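Step one of this worksheet: look at the structure below.
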Amino acid sequence: MEEQLKFYSNSPHVKGRRTTREIMLNVCIALLPACIMGCVFFGWRALMIIALSAFSACAAEIVYRLVMKQPFPRILKEFDFSSLVTGLLLAMCLGSQVPWYVPVLSAIFAIVVVKMLFGGTGKNLVNPAITGRIFAFLSFGTIMTSGWVIPNFASSSVVSGATSLTALLKDGTMPDLLSLFLGNVQGCIGETCKIALLVGGIYLVIRGIIDFKWPLIYIAVTGLMSVALNKFDFHYFLPSVLSGGLILGAIFMATDYTTTPNTTWGNVLYFVVLGVITAVLRQATGIEIVSFAILLMNLFVPLIDKFIINRPFGFKREKKVKEAK
Amino acid sequence: MIIKGKKYRYGVHVKDRKELCREKPIETMPAPEIVKISVSQHIGAPANPIVNVGDDVIKGQMIAEATGAISANVFSSVCGKVTGIEEIVNPMGLRQKYIVIKNDYRTEEYRFPNLENFEDATIIGRVREAGIVGLGGAGFPTAVKLTPKNPLDTLIVNGAECEPYLNCDYRLMLEHPDEIVKGINYLAAALNVKNGIVGIEKNKPEAIELFSERGMNVVALQKQYPMGSEKQLIYCCTGRKVPTGKMPFDVGVCVQNIKTLFASYEAVELNKPLTEIVMTVSGDGISEAKNLKVAIGTPFTDIAAYCGGEKENVVKYIAGGPMMGKNLIDLNQYVRKTDSGLLFLTNKEANLEEPSNCINCGACAKNCPMRLMPMYIELYTLAGDYEKAKKYGAMNCIECGTCAYNCPARRPLVQSIAFCKAKLKEKK
């Protein structure tokens, strides 16, 4: 009888429950409430943008891999839904008034240029979704920042108004906090309904995918910094926290595994500096800046990881021995 | 007496699967027809065979002699005739000499003469004579551990048994608590220490009770892998941190495994050399999971047959525990002193997935019990920059497998780090 060769590998021989695919699917699930609320507030156009963005992101990855002559079964086997996350996140930070080519082009840019050219999942230097949004922002400037739709359950009407954040930053107009929290304001598809985002965030924390500390630090530091920049007027705290894409950015984008440091203290540094930069740049430029702040800090992650590393258990700094002359 | 230990944050909660044979008493497996006994079942120089082909040996007779300071004697585990000295590739992948003995089922047995006194030197002499090594898996000669360079003050007994599936230490603690307590006393006398601490994981309340009833200081460790790792155990029991690159005796502690203590008791009081060990045969791929007392040198095929044979869907044979054990290519292997388990894993339990890209989630670094950064060690190892990998702590790795167990991308982190360590040692 011929002896059959069994599977052979190094230890450990058992595996944990978690896989990359499971993590990514959980993030998609956590984004669902925000997607649904976006569709409720902004109507079928929002649904179309979400679908277009998610589809183009996934298609872009598969087409890129096919062009790179990878066999199709392997592509399917290795497809880990991270492109779906990118596509959904990208749609979350686009306005519902944008024409159809904006989500398609930015999703393709995000996946092909930012992710796949660097080596695929986990190899990207910066967050693809955020870079996709910035790409759209810089390429289609006026389309992106004007013509916000006021959400209306019966019909959506286009207004040429500013978002509550721009109003707050430019004239100091205090927005209605309750509608900010519920999402009944103009803004991007996924950014407005804070309650849906928080539900998604709590889901991620319960599943152990993100650590609740980091979004909290980021949001708190941004809020406090805005307060400090406005002569310690604490009325600024809640509006600056609730408006714009801060909560979406803090829960879903800044916590992206690939573009955050790997040590506890590295993370503390990353999120505190991120909060300060966000508040200062918001005040200085008067536009929504969360994505730029995250992009900027993403580039510093390798540097942070180079200088802040874990010390082994039982590590003692070697005493400097004086050299005898 | 139960004393409160320190908490250790880092590690992982592994699905332990101990229920497969937790309640099964230790069974003595009848000696097989042929045993093949390795001359190198310990860390250090291989023992030198002192029998020739055709010699008649009895159970307990020395067949290979320790060479050098760090080495251990090897004894025959059956009565019979030496039919050959073969070279076999052991689970570590090294070619080693194995002494083949054909059993003739006589019941003769060699015992050492009674000890004259129970002073430190005589006990250490007997432990050395009986060929006792660290039976937890490392196989470091116990006699060497009992003669430290500096005076010690604490003997820690490792009853954590944090490896999933394995139950042999637990069964031994339940069935022979008095003998183990005696073993602790002998080794404590040999080391001249007063303080003995038994560390047992909380998932073995019966064992904790048995030892605290007998007046031992017991630390109920949290149920977490790797609690049985030496440095983590010392920290939890005494609060002392072993500095990197140092050994437990540098902080005045000696750690001994339950099975080592039982073997020491047998050697000192019953004058028995080390010829049998207790091991767990488990996994979903074996018909009947069992805790067995087997003769050293028993073929694994015989053990599988004794446990009812393997099922069809076995994909991995493992010598030892699933987290640190060695994967066997086939069952043509023979029981060694350091074996604590033989596992038959099916494709449901075993890790068969192919690695994908690291997503930098940090799960490895977050849980590493040695506080290393495995993702960077692997990155630099794959790039061939071993010095950089050393900066992230490669040399401190205990290869417990926590990082690779947690890895969502299924990176073979332990393999990379072990490779890096080997390369760094080569350079020296």
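Only heavy atoms go into these numbers, but all of them, side chains included; no hydrogens, no water, no symmetry mates. All of these numbers come straight from a predicted model, not from anything done at the bench.
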When rounded to the nearest 0.5 Å, the distance separating NZ of B:Lys388 from NZ of A:Lys306 is 5.5 Å

Chain A shares the most heavy-atom pairs under 4.5 Å, among B:Val414, B:Leu372, B:Ile359, B:Thr402, with B:Ile359

Could you go through the side-chain contact (heavy atoms from CB on, under 4.5 Å) check for B:Asn351 and A:Val14 one step at a time? CA-CA 5 Å; B:Asn351 177 16; A:Val14 285; 5.9 Å; no

Checking B:Arg240 against chain A: side chain, backbone, both or neither under 4.5 Å from a heavy atom? neither

Mind ranking B:Ala418, B:Pro322, B:Gly245, B:Gly393 by heavy-atom pairs under 4.5 Å with chain A and telling me who comes out on top? B:Pro322

Relative to chain A, which segment of B:Cys368 carries a heavy atom at a distance below 4.5 Å: side chain, backbone, both, or neither? neither

Is it the backbone or the side chain of B:Lys391 that comes under 4.5 Å from a heavy atom of chain A, or both, or neither? both

Can you tell which part of A:Thr260 gets under 4.5 Å to a heavy atom of chain B, answering side chain, backbone, both or neither? backbone

Within a 6.0 Å radius of atom NZ on B:Lys223, are there more than 12 heavy atoms belonging to other residues, nucleotides or ligands? yes

Could you go through A:Arg311 and B:Arg371, starting from their C-alpha distance and side-chain angles, then the distance that decides it, and tell me whether this counts as side-chain contact (heavy atoms from CB on, under 4.5 Å)? CA-CA 6 Å; A:Arg311 289 298 178 205; B:Arg371 312 294 299 118; over 6 Å; no

Donor on one side chain, acceptor on other, B:Tyr376 and A:Asp305, under 3.5 Å: yes

Value rounded to 0.5 Å, distance of OG1 in A:Thr20 from CZ in B:Arg410: 8.0 Å

Which answer fits A:Arg17, side chain, backbone, both or neither, if we ask what part of it has an atom under 4.5 Å from a heavy atom of chain B? backbone

Taking every heavy-atom pair that is under 4.5 Å apart, which of B:Cys407, B:Gly325, B:Ser356, B:Gly321 has the most such pairs with chain A? B:Gly325

More than 12 heavy atoms of other groups within 6.0 Å of A:Phe55 CZ: no

Option that, when pairs with chain A are counted at under 4.5 Å, heavy atom only, ranks first among B:Ala350, B:Gly320, B:Gly362: B:Ala350

Contact class of B:Leu345 relative to chain A, heavy atoms under 4.5 angstrom: side chain

Please look at B:Ile318 and chain A and tell me whether the side chain, the backbone, both or neither of the residue comes under 4.5 angstrom of a heavy atom of that chain. side chain

Considering all heavy atoms, the nearest B:Gly401-A:Pro12 contact: O-CG, 3.5 Å

Can you name the nearest heavy-atom pair linking B:Glu353 to A:Thr19, along with the distance? OE1-CG2, 4.0 Å

Quick check on B:Pro412 against chain A: is it the side chain, the backbone, both or neither that has a heavy atom closer than 4.5 Å? neither

Contacting region of A:Arg18 [heavy-atom separation from chain B under 4.5 Å]: both

Where on B:Cys361 is there a heavy atom nearer than 4.5 Å to chain A: the side chain, the backbone, both, or neither? both

Centre-to-centre under 6.0 Å for B:Tyr10 and A:Phe313, is that the case here? no

A:Lys123 (side chain) donor-acceptor with B:Asn357 (main chain) under 3.5 angstrom: no

Evaluate whether atom CZ of A:Phe300 has more than 12 neighbouring non-hydrogen atoms of other residues, nucleotides or ligands under 6.0 angstrom away. no

Interatomic distance, CG@A:Asn10 vs CG@B:Leu413, rounded to 0.5 Å, equals 10.5 Å

Distance from B:Tyr317 atom OH to A:His13 atom NE2, nearest 0.5 Å? 14.0 Å

Rounded at 0.5 Å granularity, tell me how far CG in A:Asn310 sits from CE in B:Met370. 12.0 Å

Could you check which of B:Tyr8, B:Tyr165, B:Tyr235 has the highest count of heavy-atom pairs closer than 4.5 Å to chain A? B:Tyr8

Scan side-chain atoms only and decide if A:Asn262 and B:Asn360 contain a donor-acceptor pair under the 3.5 Å cut-off. yes

When the 4.5 angstrom heavy-atom criterion is applied to B:Lys231 and chain A, the contacting part is both

We want to know whether A:Ser9 and B:Lys316 form a side-chain donor-acceptor pair, criterion being a heavy-atom distance below 3.5 angstrom. yes

How about CD on B:Glu19, more than 12 heavy atoms from neighbouring residues, nucleotides or ligands closer than 6.0 Å, or not? yes

To the nearest 0.5 Å, tell me how far B:Met323 CE sits from A:Ser11 OG. 8.5 Å

Quick check on the interface: out of A:Gly122, A:Pro261, A:Pro312, who has the most heavy-atom pairs with chain B under 4.5 Å? A:Pro312

A:Ile309 versus chain B, heavy atoms under 4.5 Å apart: side chain, backbone, both or neither? both

Between B:Val242, B:Asn347, B:Leu352, B:Asn396, which residue shows the highest count of heavy-atom pairs closer than 4.5 Å to chain A? B:Leu352

